[in-house]
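Below you'll find the structure, written out as C-alpha cells, and then a few comments.
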Amino acid sequence: MASEDGVIKIMRNKQVILRDYVSGFPKESDMQVVNSGTIKLKLPEGCEGVLVKNLYLSCDPYMRGRMTKYDPGARYVDSFNPGSPISGYGVGKVLESGDPKFKEGDLVWGTTGWEEYSLITGTATQSLFKIHNTHDVPLSYYTGILGMPGMTAYAGFYEVCSPKKGETVFVSAASGAVGQLVGQFAKLSGCYVVGSAGTKQKVDLLKNKFGFDEAFNYKDEPDLDAALKRYFPEGIDIYFDNVGGKMLDAVLLNMKMNGRIAACGMISQYNLEQPEGVHNLMSLIMKQVHLKGFPVFNYYHLYGKFLETVLPAIKEGKITYVEDVAEGLESAPAALIGLFAGRNVGKQVVVVSRE
C-alpha cells in the first residue's frame, strides 16, 4: 500500500510483546506494550502473504498455554516467542494481498499478531476467513460468536455430542465466549440445560439473558457432586467441559449411560505448575461414556454450514451474545489476564481500531 505519489508508507506499529515464558499465574507485567516498532505498508517482493490493519483482537484461554515453553509438536499450537508480539485470533482489514483469495479492502478473521498492523504469511493465511456479512451483525462478532469460539461451540455440541431432544446438558464456564453459545444451542435443540459460573452476576445472565433452565455459582457449592445431583437427579447426558479439574471429576459421577463429554478446555488447570488428577475415570467404563477432545480447526470445513445455522438465529433473536470490550491495544494485557481471574463478563474483545 503506497501513497498516491508512489512513496511506501512506513508506520509506527504498536505491539504487545511477551517478555519471557511464564510459570504459575500470569501477570500483566509478563507482557509489554511497545511503540518502537515500524512496518512498511507494502508487501515484500514476491510475498504471497496478506498485510492487514488489525481492528479487533480476541482474548482466549488457550493463549495461556502458549506463554509456557513446550517442545515443538507437544501441543497443537506452538509456544509464543519471548521478545516477539504474541498472536491470536482477530479481525482485520486487508491493505495488500499476495494471496489471490483476498484483495485490498477485504475484511478477514483468523490468526494475527497483537499489534496494529500484521503481515500474515505461510500456513496462517490458510486459516484466514473472508468476512462477507457485515451489515446486520457487529464486526467484533467475528472474534466470538461468528469466529473461532462460535465454531468451537458448534462443533463440540453438534458434532462431538450429537444432542437429542429432551436430553440433559451441563455446561461449565457457561457465561464465557463458548459456553454461552453451547447453552443456547442446547435450548434450540430442545434440551434441558444447566450452567455453572463464578459470580452471581454471571449466574443471573445465564438464566435471564441466555435462557438456561438453571445455573449455579460453583464457588458457593462445597460439594460439587451434591450440587450436580440437585440439578440432575436422573443424571447428565451431555457435559461440555471448559474447566476440567474438580468439576470434571464430579460430573463423571453423574453421567448417564452412553453420555457424551466434549473436552473443550480446562481453564482450572492452566495456571497450575502441577495439574490436578482426575479420580473418577472408572465412570467412563461403567457408564460407557464417550469423552472426546477436539481442536476446533479440525472442523473449519463446516464453517459455511455453521453460518447458515447461526446468522439467521442471530437475526431472528433466537441467539444472543454478550461481549466484554476493552478499548485500545494498551488494555490487551489486562484483558487477557482478566480471563483467568474471571473478570470478564461474556466474550473478551480488544478494540485496536474502529477503522
Side-chain angles (χ1 to χ4, degrees), residues 61-62 65 75-76 149 151-198 206 210 212-218 221-270 272 275-299 302:
Y62 82 91
R75 291 197 168 196
Y76 62 83
M151 270 303 301
T152 301
Y154 179 86
F157 187 63
Y158 289 112
E159 298 296 318
V160 175
C161 293
S162 303
K164 303 179 188 68
K165 185 176 180 180
E167 288 192 316
T168 56
V169 178
F170 177 50
V171 186
S172 55
S175 68
V178 174
Q180 60 175 287
L181 288 174
V182 174
Q184 292 178 85
F185 289 155
K187 290 307 298 176
L188 289 174
S189 300
C191 298
Y192 168 82
V193 59
V194 177
S196 65
L206 292 176
F210 300 134
F212 283 59
D213 294 290
E214 291 289 350
F216 64 91
N217 183 345
Y218 69 91
E221 301 290 347
D223 185 338
L224 293 173
D225 178 34
L228 292 170
K229 283 180 167 58
R230 194 164 72 240
Y231 290 104
F232 298 99
E234 297 180 9
I236 299 167
D237 289 300
I238 292 172
Y239 174 42
F240 198 101
D241 186 16
N242 291 306
V243 302
K246 293 181 176 65
M247 186 66 83
L248 174 59
D249 229 8
V251 167
L252 287 169
L253 296 174
N254 289 275
M255 293 299 293
K256 286 186 183 180
M257 286 292 293
N258 300 306
R260 288 87 73 203
I261 300 175
C264 176
M266 298 196 173
I267 195 170
S268 72
Q269 307 300 295
Y270 294 163
L272 301 181
E276 296 171 328
V278 178
H279 305 282
N280 297 320
L281 291 173
M282 183 64 77
S283 294
L284 296 177
I285 302 169
M286 304 301 290
K287 301 281 187 68
Q288 300 174 46
V289 172
H290 179 74
L291 186 156
K292 181 177 173 64
F294 65 103
V296 64
F297 49 74
N298 285 353
Y299 297 89
L302 299 175

Closest heavy-atom pair and its distance - [X], [Y]:
X: Tyr218; Y: Gly198; value: CE2-CA, 3.5 Å
X: Ala250; Y: Asp225; value: CB-N, 3.9 Å
X: Asp213; Y: Tyr192; value: OD2-CA, 3.3 Å
X: Thr152; Y: Cys264; value: CG2-SG, 3.4 Å
X: Glu234; Y: Lys256; value: O-CE, 3.1 Å
X: Val193; Y: Lys187; value: CG1-CD, 3.2 Å

ask   = Between Val169 and Pro163, is any pair of side-chain heavy atoms under 4.5 Å apart?
value =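 A side-chain contact is absent here, since even the closest heavy-atom pair is not under 4.5 Å.
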
query = How about Val278 and Leu252: do any of their side-chain heavy atoms sit closer than 4.5 Å?
reply = yes

Atom pair [atom1] ([X]) and [atom2] ([Y]), whose distance is rounded to the nearest 0.5 Å:
X: Glu159; Y: Asn298; atom1: CD; atom2: CG; result: 11.5 Å
X: Met255; Y: Met286; atom1: CE; atom2: CE; result: 15.0 Å
X: Phe294; Y: Cys161; atom1: CZ; atom2: SG; result: 7.5 Å
X: Arg260; Y: Glu167; atom1: CZ; atom2: CD; result: 4.0 Å
X: Ser196; Y: Leu228; atom1: OG; atom2: CG; result: 8.0 Å
X: Cys191; Y: Lys164; atom1: SG; atom2: NZ; result: 9.5 Å

request  = Count the heavy atoms of every other residue, nucleotide or ligand shown that sit under 6.0 Å from NZ of Lys246, and state whether that count exceeds 12.
outcome  = no

inquiry  = Within a 6.0 Å radius of atom CE on Met282, are there more than 12 heavy atoms belonging to other residues, nucleotides or ligands?
reply    =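 It does not: Met282 CE has 12 such atoms or fewer within range.
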
request  = Kindly indicate, with the supporting measurements, whether the criterion salt bridge (charged side-chain N to carboxylate O under 4.0 Å, His left out) is fulfilled by Arg230 and Glu214.
outcome  = CA-CA 11 Å; Arg230 194 164 72 240; Glu214 291 289 350; over 6 Å; no

Working for side-chain contact (heavy atoms from CB on, under 4.5 Å), residues Val251 and Asp241 = CA-CA 9 Å; Val251 167; Asp241 186 16; over 6 Å; no

Output field: ring centroids Phe157/Phe240 closer than 6.0 Å =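 They do not qualify: ring centres at least 6.0 Å apart.
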
Could you tell me whether the side chain of [X] and the main chain of [Y] form a donor-acceptor pair under 3.5 Å?
X: Gln269; Y: Glu276; result: yes
X: Ser268; Y: Val243; result: yes
X: Asn280; Y: Leu253; result: no
X: Lys292; Y: Val160; result: no
X: Tyr231; Y: Ala227; result: no
X: Thr168; Y: Asp237; result: yes
X: Gln184; Y: Gln180; result: yes
X: Asn242; Y: Ser172; result: yes
X: Asn254; Y: Ile236; result: no

Aromatic plane relationship, Phe185 with Tyr154 - under 30° parallel, 30 to 60° tilted, over 60° perpendicular =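 Correct class here is perpendicular.
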
